[in-house]
Student: 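Once you've had a glance at the structure underneath, I'll fire off some questions.
The first residue in the sequence is number 1, and the count goes up from there. Whatever order the structure lists them in is the order used to number ligands and atoms, beginning at 1. Fair warning: this is a prediction, and the values are worked out from it, not measured in the lab.
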Amino acid sequence: MTFLPFTRPSIDEETIAAVGDVLRSGWITSGPKVKEFEAALSDYCGGRPVRAFSSGTATMQVALTLAGIGPGDEVITAPLTWVASASVVLAAGARPVFVDIDPVTRNIDLERIEAAVTARTRAIIPVDLAGLPVARDRLYAIAGDHKLRVIEDAAQAFGAQWRGRRIGATGDFVSFSFHANKNITTGEGGALVLPQDVDAGLCERLRLQGVTRFADGSMDADVLGGKFNLTDIAATIGLGQLKRLAAFTQRRRELAHRYFEHFDELAIAGLELPLRDFDNSNWHMYQVLLPSGSRRGQVIAAMKEHGIGIGVHYPALHLFSLYRQQGYRAGDFPQAERVGGQTITLPLFPAMQDSDVDRVCTALAAILKPSA
Ligand SMILES: *Cc1c(COP(=O)(O)O)cnc(C)c1O
């Protein structure tokens, strides 16, 4: 029995060969392939300016700087997310303000945002968990009413849409990640879609040491920049992945659909399925909530015995030590705590076979319904 991980990237031979060409070319850091990747991403995002980065975390850090967010400012985000969504706010010297999730979408509860807005609130970082987009119309209506910037943490939402429009093609700042587990990957990497009013040159300087080089060989550094550039090696992987995005997303939808079919039939008492969204979501993950009272650690160990890898995305962030130090406590966000405590991520990636889904469902049913 081969082990089934919860995710695995699909890199084709053509891409591997193209990476070989880059390695042989003598130019392996940021160069023509990064430019080509940025142009392809911009094309995908309806012509909006896009800059490539070394990670999704770096894109958000730079977006916060471009939005002028710093000490004394508050930024609203969800507690059910990867640590990066809030750590970039701390890194900017600002305060992350969590707003509980909606248990149906498992994304930030838009109806609770306004109660968290203060005179110091400057921005919202919505997170499209599992690739299910936060409702963009309502989100931007709230942001507009309160004059807040939006930095979309769309790390998991590449390939997703909102009401027929691609995530990335509209909005304020949009941040993507191309980490190995994301729907398309560059190994590590990210991209930032810029709003029209932002200086793309400043974005580039913040990405790489604040430096501008002049034709005569002289240079200047006018801002404090990071070391956040993507390599041509990584960009070449990204170009190969981008060509397959539509097929990847289609296959993910088929596999998610198959999970629903099985779970409807199995009717495991107390198991909570994700929202059935086949219009907007890119099905970055298929996550179920275990029946209350089941021990997640035991379920994960038992699935491993069956040769199946399970992920946990994510325990509620405000209960991590770093955020307890900020004053957050158990009970602050009951929905995020409940979902974060019971969620498991089942295997879902484009190279999976239908029979893999069947195997996962059979194993989970055997573990959760031992008498059946
Ligand atoms: C992956 C991810 C990030 C960070 O992306 P990196 O490329 O790993 O820096 C941020 N937010 C969310 C929700 C993510 O899933």
Side-chain angles (χ1 to χ4, degrees), residues 6-9 34 37 41 50-65 75-92 96 98-99 101 105-108 123-134 139 150-160 167-168 171 173-193 206-207 226-231 233-235 237-238 241-242 252 274 281-287 311-318 320 322-323 336 339-340 343-345 348-349:
F6 78 83
T7 191
R8 190 170 64 207
V34 168
F37 188 41
L41 290 168
V50 180
R51 292 297 179 273
F53 282 76
S54 54
S55 75
T57 305
T59 65
M60 289 197 288
Q61 260 178 255
V62 167
L64 285 166
T65 305
V75 177
I76 291 172
T77 193
L80 193 75
T81 181
W82 176 234
V83 288
S85 314
S87 63
V88 292
V89 178
L90 289 177
F98 296 114
V99 167
I101 59 152
T105 61
R106 303 174 188 163
N107 283 331
I108 194 165
I124 309 175
I125 298 183
V127 182
D128 304 316
L129 189 72
L132 178 71
V134 170
L139 171 77
V150 177
I151 294 132
E152 299 182 20
D153 183 351
Q156 302 184 4
F158 198 77
I167 298 302
F173 290 98
V174 184
S175 163
F176 294 117
S177 166
F178 305 129
H179 172 266
N181 286 354
K182 302 303 197 299
N183 283 29
I184 73 162
T185 186
T186 58
E188 298 281 3
L192 183 62
V193 187
L206 290 169
R207 177 175 63 180
K227 182 67 169 75
F228 298 146
N229 55 308
L230 192 74
T231 67
I233 302 167
I237 303 172
Q241 292 274 289
L242 200 50
R252 285 176 174 276
S281 179
N282 65 2
W283 290 99
H284 172 61
M285 296 190 280
Y286 190 93
Q287 301 176 294
V312 174
H313 307 93
Y314 299 93
L317 184 55
H318 65 285
F320 289 173
L322 184 61
Y323 296 95
V339 173
T343 189
I344 60 169
T345 304
L348 181 63
F349 54 90

Student: Name the orientation class of the two ring planes belonging to Y314 and W82 (parallel below 30°, tilted from 30 to 60°, perpendicular beyond 60°).
Tutor: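 Answer is tilted, since the angle falls between 30° and 60°.
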
Student: To the nearest 0.5 Å, tell me how far T59 OG1 sits from L230 CG.
Tutor: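 Separation between the atoms: 11.5 Å.
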
Student: Is there a donor-acceptor contact under 3.5 Å from the side chain of D128 to the main chain of Q156?
Tutor: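 Not confirmed, D128 side chain does not pair with Q156 backbone.
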
Student: Find all protein N or O atoms under 3.5 angstrom from an N or O atom of ligand 1 and list the pairs with distances, or write 'none'.
Tutor:
residue	atom	partner	partner atom	Å
ligand 1	5 (O)	S177	OG	3.2
ligand 1	7 (O)	G56	N	2.8
ligand 1	7 (O)	S177	OG	2.7
ligand 1	9 (O)	G56	N	3.3
ligand 1	9 (O)	T57	N	2.8
ligand 1	9 (O)	T57	OG1	2.5
ligand 1	11 (N)	D153	OD1	3.2
ligand 1	11 (N)	D153	OD2	2.7
ligand 1	15 (O)	Q156	NE2	2.8
ligand 1	15 (O)	K182	NZ	3.3

Student: Taking T77 for its side chain and F98 for its backbone only, find out whether a donor-acceptor pair lies under 3.5 Å.
Tutor: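 Such a contact is absent between T77 side chain and F98 backbone.
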
Student: For F176, run the side-chain contact (heavy atoms from CB on, under 4.5 Å) check against D153, N183, L41, I167 and tell me which one passes.
Tutor: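 So, applying the side-chain contact (heavy atoms from CB on, under 4.5 Å) to F176 and each of D153, N183, L41, I167, only I167 qualifies.
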
Student: Any donor and acceptor pair, going by atom type alone, linking the side chain of N107 with main-chain N or O of L132 inside 3.5 Å?
Tutor: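 A pair under 3.5 Å: yes.
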
